[in-house]
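Below you'll find the structure, written out as structure tokens, and then a few comments.
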Amino acid sequence: IENDFTAVIPKGTEIDLDLSGATIGANVPKTAGHVIKNQGTLNITDGTITSDAENGGSAIYNAGTLTLENVKVVGAPRSGSSWPSYAINNYGDMTVNDAVISSTHGAVSCNGGGTTVFNNTEITMNGFDGSSHVFYIGGAGTKVIVNSGTYTHKGNGDGSLAYIMTGATIEINNGIN
């Protein structure tokens, strides 16, 4: 499914989305939004979500409750001097199981005091020459829990594996690669 609009899941809505191996992609500029904007409860399984616009919006923006199971998430490509959004911007609660997330800018931004849990997830931030991070964890009370997986920063700039703001926490269990 390829589109040029944002799919919005409103507050109070609960959706189970089994992609059965399909891809949802969108050519959404950063100024216009995201491929998927969740404000309700969304469970996505078995497929790919990709932001296709150069310097585009996030593949997923979450301000509700989100579960990703066996999903690949691909952030927008970079062009020129402009920066795309993180592959996932999370301002709610999110659980990620057996997923692959990649981006040329930042992989996952967690803010707003929610909890994000990664179980056996592979995250790669590819080839960026500026300041960007695999995890950006901001805001008082924001918590990230990492339960195994592989997390890689391949950029050449001054970015990091995790950038943690005051009041936010990261907990690492079971080792990571």
Side-chain angles (χ1 to χ4, degrees), residues 3 5-17 24-26 28-45 47-53 55-69 71-76 78 82-97 99-119 121 123-125 128 131-147 149 151 153 159-172:
N3 60 53
F5 61 88
T6 297
V8 178
I9 292 77
K11 194 173 192 175
T13 302
E14 185 170 334
I15 295 178
D16 292 321
L17 178 60
I24 295 176
V28 178
K30 182 168 47 176
T31 56
H34 321 279
V35 178
I36 294 176
K37 182 177 183 178
N38 177 49
Q39 297 170 311
T41 299
L42 176 61
N43 304 304
I44 304 174
T45 57
T48 301
I49 310 295
T50 181
S51 178
D52 299 329
N55 307 320
S58 298
I60 300 172
Y61 175 95
N62 178 51
T65 302
L66 174 66
T67 301
L68 302 175
E69 181 84 39
V71 172
K72 182 177 182 181
V73 180
V74 180
R78 176 176 177 233
S82 188
W83 319 114
S85 294
Y86 278 70
I88 298 175
N89 275 296
N90 181 41
Y91 287 84
D93 292 315
M94 180 171 72
T95 301
V96 182
N97 300 311
V100 175
I101 301 168
S102 64
S103 181
T104 57
H105 178 236
V108 180
S109 175
C110 301
N111 294 279
T115 298
T116 304
V117 179
F118 294 95
N119 297 306
T121 299
I123 302 178
T124 304
M125 209 285 299
F128 182 77
S131 176
S132 196
H133 317 285
V134 173
F135 294 113
Y136 176 90
I137 307 166
T142 301
K143 183 174 186 177
V144 171
I145 302 169
V146 177
N147 296 315
Y151 305 87
H153 186 288
S160 62
L161 186 60
Y163 185 87
I164 306 165
M165 301 291 289
T166 301
T169 60
I170 186 168
E171 176 184 320
I172 299 174

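Only a predicted model underlies this, so the values are computations on that prediction, with no experimental measurement involved. Counting begins at 1 with the first residue of the sequence.
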Under the criterion ring-ring contact (aromatic ring centres under 6.0 Å, His included), I'd like the reasoning laid out for Phe135 against Tyr86: C-alpha separation, chi angles, the key distance, then a yes or no.
CA-CA 9 Å; Phe135 294 113; Tyr86 278 70; over 10 Å; no
Are any of the side-chain heavy atoms of [X] and [Y] separated by less than 4.5 Å?
{"X": "Ile170", "Y": "Val146", "answer": "yes"}
{"X": "Thr50", "Y": "Val35", "answer": "no"}
{"X": "Tyr151", "Y": "Met125", "answer": "no"}

Distance check, rounded to the nearest 0.5 Å: [X] atom [atom1] versus [Y] atom [atom2]?
{"X": "Leu66", "Y": "Tyr61", "atom1": "CG", "atom2": "OH", "value": "12.5 Å"}
{"X": "Ile9", "Y": "Asn38", "atom1": "CD1", "atom2": "CG", "value": "5.5 Å"}
{"X": "Thr121", "Y": "Asn97", "atom1": "OG1", "atom2": "CG", "value": "6.5 Å"}
{"X": "Asn62", "Y": "Gln39", "atom1": "CG", "atom2": "CD", "value": "9.5 Å"}
{"X": "Thr45", "Y": "Leu17", "atom1": "OG1", "atom2": "CG", "value": "7.0 Å"}

side-chain contact (heavy atoms from CB on, under 4.5 Å) partner of [X], the single match among [options]:
{"X": "Ile36", "options": "Val8, Val73, Ile44", "result": "Ile44"}
{"X": "Thr95", "options": "Leu68, Ile145, Asn119", "result": "Asn119"}
{"X": "Met94", "options": "Val117, Val144, Thr67, Ile88", "result": "Ile88"}

Tyr136/Ile164 under side-chain contact (heavy atoms from CB on, under 4.5 Å): CA gap, chis, key distance, verdict:
CA-CA 6 Å; Tyr136 176 90; Ile164 306 165; over 6 Å; no
Heavy atoms only: give me the nearest [X]-[Y] pair and the separation to one decimal.
{"X": "Ala59", "Y": "Ile49", "result": "O-CG2, 3.6 Å"}
{"X": "Val74", "Y": "Ala87", "result": "C-CB, 4.5 Å"}
{"X": "Gly106", "Y": "Ser103", "result": "O-OG, 2.9 Å"}
{"X": "Gly57", "Y": "Ala76", "result": "O-CB, 4.2 Å"}
{"X": "Cys110", "Y": "Thr116", "result": "SG-OG1, 3.5 Å"}
{"X": "Pro29", "Y": "Ala53", "result": "N-CB, 4.1 Å"}

Could you list the residues that satisfy side chain to side chain donor-acceptor pair (under 3.5 Å) with Ser58, not counting sequence neighbours?
Asn89
Verify side-chain hydrogen bond (donor to acceptor under 3.5 Å, both in side chains) between Asn43 and Thr41, making sure each step is shown before the conclusion.
CA-CA 7 Å; Asn43 304 304; Thr41 299; over 6 Å; no
So does [Y] get a backbone contact from the side chain of [X], meaning a donor-acceptor N/O pair under 3.5 Å?
{"X": "Thr6", "Y": "His34", "answer": "yes"}
{"X": "Thr142", "Y": "Gly113", "answer": "yes"}
{"X": "Thr115", "Y": "Lys143", "answer": "no"}

Just checking, any donor-acceptor pair under 3.5 angstrom between side chains of Asp93 and Thr65?
no
